[in-house]
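Down below is the structure, laid out as structure tokens.
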Amino acid sequence: MSSDLLDSEISTGLALEVRQVTKSYGNLVALDDVSFELRKGEAHALLGHNGAGKTTLVRTIAGQVVPDSGAVFVDGALVSLSSPRDAQVCGIAVVDQELTLLPALTVAENIHLGRRDARFFGAATDRNGKIASLLTRLGLAHIHPDTLVAELSLAERQLVEIARALSRDAQILLLDEPTATLSDVEIQRVFTVVRDLLTEGRSVIYVSHRLGEVLDLCDRVTVLRDGRRKATRPVAGMDRAGIVRLMLDEGAVEAARIPRREGNGDAPSVITARGLAAPQLFSLVDLTARAGEIVGIAGQIGSGASSVVRALAGLVPSCTGEVAVDGHPGSPLGTPIRSARAGIAFVSNDRKSEGLFLDKSITRNLVATRPRQTCRHSVVSAKRSRDLGRQLCALVGIDAKRAEDPVSSLSGGNQQKVFIGRCLEHPEVKVLLLDEPTRGVDVAGRAEIHNLVRRAAAGGAAVLFVSTEFDEVLDLADTVVTMFGGRVVATHRGSDIDASTILAETTHGSSVRGVA
Amino acid sequence: MTTRPGMARLARRSRRGGLPYVLLVVMLLVFVVLPVVAGQQVTSFNYYNLFQVFASLGLLSVALGLTMIAGEFDLSVLGTYAFAGLVAVKLGADDPVVGLLAALVLAALIGALQGALVAWFRLPSAAVSLGVYIALLGLTATISDSKTVPYNNLNVSDVLDRQYLEIFSLRSIIAILAVAAIAVTMTYTRFGRDVRAIGSDRRASLRIGVRVDSILVVLFVLSALLSALGGSMLALSLAAATPDPGFDPLIFALTAVLLGGVSLRGGTGTVLGIAAGILTLSLLRELLTVLATPTYVSSLATGGLLLVVAFAAAPGLNAWWLSMRRPTKRVAEPPSLSRVG
Amino acid sequence: MSVTGVRQVSRRTHLLTPAIALVLAMSACGGGGGEAGATNSAGSVEGKSVALISCGDFNRWCQVFNHGIMDDLRSNGADVTYLESQFDAAVQSQQVDQAISQNPDLIILYAADARALVPAMRRAQQRDIPIINVVSAPAPEGKPYITSSVEPGAVELGKNAGLNLIEGLKEAGVTEGNVVAVTGTAGTIEVPLRMQGFMSVMDQNPQYKVVETQDANWDPQKAAQISQQLFAKYRDKGGIQGAFGMSDDLANAIIQTAKQAGVTVGAANKGLVVVSSNCYKVGIDNIEAGDQYGTSTESPGRYSEFVQKWVNEYLTKGSIEKEIIQEEVRITRANVGEWKDTCSVI
Amino acid sequence: MTAENVTAADPDTTVRAPVPSERRGPSSSAPRMLWGLVVLVAVSALALTTDGFVSVANARAILSSVSFTGILAVGTVVIMLSGNLFSLSIGTSAAVSSMLFLYLLPDVGFVLAVLLTLVAGYATFALQGAIVGRLDGNAIIVTIGAGALQVGAVTWLLPGSVQVPDGVDIGFLTRSVLGLPFPLYVFLAVALLVQCWLHYSATGRQVELVGENKAAARAAGLPTGKLVTVAFAVAGLCTAITGILLAGFNQNANLAVSGTFTFDAIAAAIVGGSSVIGGRGSAARAVLGAVIIATIANMLLLRGFGTGVRVLVEGIVVVLVVVAAQRRKRSIA
């Protein structure tokens, strides 16, 4: 796995070097010739919004993604990271953006899990108290290593996840959004432990949307944008605005935006939600959307934004509060069937597992929720389906000749268009909910999808979408709602929106609590 | 507070998944009290019988439970159970130990083959194991010519089933030791922890670096070994191998495993819990025997238990309950839209 | 669904006196049961304890047979413990042990698998508990451990089928032809015995050749599939003139499929001659309709009475013959009226 | 229960590589049909070398022997299609239906007895479907439990064996029509009806969607619970029909008539090429599977092999088909 030949060429001060890595998924280039250097003893922030290639770079380093080209050097040696175990062998410990704790196992077991050096016996116990002391340092003194993870709160789980990475005794620590669900006090505890590691000469790659944390902890920052490295700068001497400028397209910051429709104040409100709350997800959320209006909910991971639209789609059974569609008041919808009956259509952020029927034809997918449009005398008419399928293909910009091909034969962007196309020109849909409508879609596809969404609004539907990318929110929304920590921070209508406000509100919840 | 004595650990564990043990204690109390009230007699033989069941169906249950903990469902244990019995009797004609070992080796091969199919081809285990089960029944029938194969050394049966300490036999002691060994493996070793991890969340396990594939293969081998041990000892004890055990042993095993707190989705449950489940179910059947209830009561009890567990453990129960609780002021539902949903 | 039920046949009124006495007696024994031999005292049936280990009520044949025995013993004042199972040898083995632990005066055993019960029978003998084996013949290895075996005439049942078949074929005017036999589970003891009887007759009539013997596992569907395919197979090889379906269910399956395949059925119609060797309503109906030529008298009611007689004999006298075999009678259209009632319970 | 196709790559960002569309036929089900044909050809090749196999009479014999298993296989395919594996008590339920039908027959007459048996079969399975579909209960456990309950209830409430009452003739249920047995026509009619239902009704088409991706169907607002319930209920109807025909064939009914139906039906459904994990399958494939298995059994019988070998081969074929189907799937992904 390692090559001594190259040793001499590599600066020995680097803990990790990623050289000219490229990775593409179909037409989408996720990483385009990206290089990245991590010095020993350094905390290096990796910034960029979703779609910038950050996640792919992180996964490359974690051994979860194998790049198409390029090389990775650890401690000066060329390595091949083709599995998470390889990364571990190279001394890289990862805190994943998604929780990878197993609720059915104890804290100690979770911390030991996957360790290459774990002993066969006693793998589940805290033999020399190392785990307990680690937990104590992270402020989890009250948690015994034998506690089941299922009994822990979300924040405690996140801390255990961090404890696992810390316990690996790794030279390189890769922290991907480790603080999304933590309070300020907890974050400070994590930082204390991380700083101790830095003083021991270990290195940290820190991925976060919270710029305050980056300024607080990191030595250098690398910003990615559209799959390329935009810049690498020392943090010293930078302020938040400077980082924001790096992250944003200059154009977007200066020229504000496309003229936004003010929203027709007289149009009837199609959907109104009051006092929505779901335990551990969000609380006290009020929302409203009028016919023809596009409401963008901006919020980072863990902000609860995604859960709010899921709740409106009926996918959060524990949600309480009041929802009215078309002026009919009622409790939250509770089941997706009720939502659908009320005229709500939902486009999930996960089109593979919660969206498309991949083995079925494009037409089948487009007409899946339209029995009334495809039936004649309650018998499914092949002709009607076919005609409707072609018509919708044309609408979403897919070659109608492919209408009978399986949807899995399409690229990601086109799949997403089919997913959204399912809800378009649908006489029964009054409200369209979209969760990350352009995730994993290339630039050209994005524009087309945005047009489809605008078209749906123009057709009289109320549109609510969630996005963690403020570019997208700025591009698409007539009204912007920002969320942080499970609550709505502010609602901005019409021209009263600018990028830095949204960034501030979604990364710090500025009007909810103080900046970290 | 770092290293705690074993008892405390055990207490913590049982508090988490204590239901199977509570059920067992309740059942035991009922078993002691009810027959007295009804004027029937429970003898030490009934307890001996309990462990005899443990030695055959109990091992089968643990075999089934192991793969269920990892989120798989292995129907073929029943086939292995029958096949191993035949092998033990056929090849153990001179020496029962040889027969037993041969049965275990062949079972391990079958388990490895099946584990490899499930792990490396990512096949649905219920379907693969169904095929393997049918094939094993066919193989057993072919080798035995569909006839019961007698085992002529009756002394082996005597040795295996002779009562020790009133309630044990060599067979049940071997079974208990085997289950204890598996329990220790599953509780205290890396392997056991990884199995539970796989059952809990396979994707996350893979990301953390658990060797999912090889663990699955080993697990299927272990499962096959256990059911083969149960099946071959039973055949030696009966001094005959019956070619088709019927479907009932699997129903017993499944019920016991579910009573033992193993989740249908995998990830939860312990071998000790399964053992408690086995004893609870055996006690129930023994109780029905002692109380002289007609056969259908046993069927109804088993079926009812299975449905209750399936119902109570259904992942959608909570959501369904929540949605049932407030069907009241549902949101606008113009009649014309009712067909959409 | 594995069924292990014991049914105490005594009604609640009966329970009090003998049962309490039994309970006291058993608690005195401490459940070991080894030290005290069975009370083999001759005399009356009154007060004797009997364990009946047999197939369960889910099966109609077993139901009639078992309840006949229990009702009789109970009316004579004996105490019967009924241990049912669904043809599960492992369960039965435990039931024998269970019975041994209660030290009864007699175990009546219908072994689901004669060979698999041998160790259990041996354990009973070691405790001096007598066993009367019923229904299926004991395994050769098991013979030393049983007191007596009261069996239906398995060989004679087969012989009767053979005789009926020859008679039928002659009536149909067949001078030579092919015969097939579709049997019950070949692995059991009684199936080879019936075949032995059947073949002993057929061997003496070589003009009728038994071309196929197929195991249908007592399953009518299997019998149907097999016979459909056999009819096809022999269509160009002279056809099939006679068929032996071991039970009336199997014979019925053969008749149905023959009709479906366009084969004429019935000796009177010069068609296929079908015979069987037990005594179900479907067989009687088929005989009356002329589709089946004959069957025999393996009726649960009749056989139950036969067993009752010898059990009572044993309980009162203390000993009976080692092997007692019921006489079986041929049933054909000529005498079907006599047997109609006996054979209509199933 | 299904071995998830785990990949380290994130499903959100992993985009399926475009597959050249010319490799696919107009219908995506074509490759599987092709696979079925390959099996059929292989089997035929063996068959041609089997003495006495190629004859009209033998073909009729094969067809005649598939009816009961076939109808149950159609029911099994519907359950599989809805993404819930199979019922492990479908044979038991058929025997119970058979008993119920004969039990009702003397009191209510033929037509009503048929209707009531159908209703009972529909209701029993719908109930299981409701637990599976609405609560996400596990199909294997629910069906085994329901089977045990049915055995218990029937043993308790009905006589162990139910006879055709005197003076009632239901023999026509098994007679030959135009040289083929009546049950075969029923089988083909059931297969055709179910096929039409799956293909031409909104509900049937949605069952297929639920089976392929339940989460997606749910998020799209399809009534997933109702659809799974209906799928089970249709299987219940198939089971009840089998029970009624069995009563006619056997002229009596008891629990033992269930025989090996459960596994035969599942094997036929799988061998036909329907996806075990749902979303793909049809009644026509159930017919194909039943015929393939019957043909193999027939060939082995003609070649003089015993029951054991027949069962062994059946099992091996099931495993091979499951492996082959999955390999194909992976090669696309």
Side-chain angles (χ1 to χ4, degrees), chain A residues 25-28 30 55-56 59 62-66 83-84 313-315 336-341 344-361 364 368-369 371-372 374-375 378-382 401-402 404-406 408-413 415 422 436 439-440, chain D residues 4-32 83 134 196-206 208-227 275 277-280 329 332-333:
Chain A
Y25 298 106
N27 305 331
L28 176 72
T55 307
T56 311
R59 297 215 153 118
Q64 294 169 1
V65 163
V66 180
S83 78
L315 290 163
I337 303 170
R338 285 188 201 144
S339 295
R341 279 185 187 153
I344 297 175
F346 173 59
V347 175
S348 155
N349 62 9
D350 185 350
R351 66 174 165 269
K352 272 191 185 166
S353 57
E354 213 177 28
L356 295 171
F357 305 98
L358 287 172
D359 281 352
K360 298 282 179 289
S361 70
R364 270 306 276 288
T369 58
R372 292 163 66 80
T374 51
C375 282
S378 47
V379 171
V380 174
S381 153
K401 278 182 221 140
R402 303 188 66 178
E404 298 306 319
D405 287 357
S408 57
S409 67
L410 294 176
S411 72
Q415 286 185 9
R422 183 192 288 167
E436 302 284 358
R439 178 177 279 193
Chain D
E4 217 187 315
N5 202 342
V6 206
T7 50
D10 181 26
D12 304 329
T13 50
T14 312
V15 182
R16 273 164 191 256
V19 174
S21 55
E22 62 269 23
R23 256 177 51 197
R24 295 167 182 282
S27 153
S28 51
S29 67
R32 261 166 203 268
R134 289 187 194 276
C196 288
W197 176 69
L198 287 174
H199 210 263
Y200 292 109
S201 81
T203 318
R205 288 179 80 82
Q206 289 180 349
E208 205 176 310
L209 296 182
V210 173
E212 179 175 333
N213 189 341
K214 189 167 183 179
R218 207 175 115 76
L222 300 184
T224 51
K226 191 188 104 187
L227 291 169
S275 164
I277 49 173
R280 223 165 238 270
K329 204 172 168 190
I332 285 178

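In what follows, chains are A, B, ... by sequence order, proteins preceding strands, each numbered from 1.
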What's the shortest heavy-atom distance between [X] and [Y], and which atoms?
{"X": "His199(D)", "Y": "Val380(A)", "answer": "O-CB, 4.2 Å"}
{"X": "Phe357(A)", "Y": "Ala216(D)", "answer": "CE2-CB, 3.9 Å"}
{"X": "Ala220(D)", "Y": "Arg422(A)", "answer": "CB-NH1, 3.7 Å"}

(request) Nearest 0.5 Å please: distance from the CZ atom of Arg351(A) over to the CG atom of Asn213(D). (result) 13.5 Å
(message) Quick check for you: to the nearest 0.5 Å, what is the distance between Leu209(D) atom CG and Asp359(A) atom CG?
(response) 11.5 Å
For [X], which atoms come within 4.5 Å of any heavy atom of chain D: side chain, backbone, both, or neither?
{"X": "Ser353(A)", "answer": "backbone"}
{"X": "Ala313(A)", "answer": "neither"}
{"X": "Ile344(A)", "answer": "neither"}

(message) Quick check: do Arg205(D) and Pro371(A) have side-chain heavy atoms less than 4.5 Å from each other?
(response) no
(request) Indicate yes or no: at least one non-hydrogen side-chain atom of Arg218(D) is less than 4.5 angstrom from one of Leu315(A). (result) yes
(request) For the pair Lys360(A) (side chain) and Glu212(D) (backbone), establish whether a donor and an acceptor sit closer than 3.5 Å, ignoring hydrogens and angles. (result) no
(message) Any salt bridge linking Arg364(A) with Glu208(D)? Criterion: basic side-chain nitrogen under 4.0 Å from a carboxylate oxygen.
(response) yes
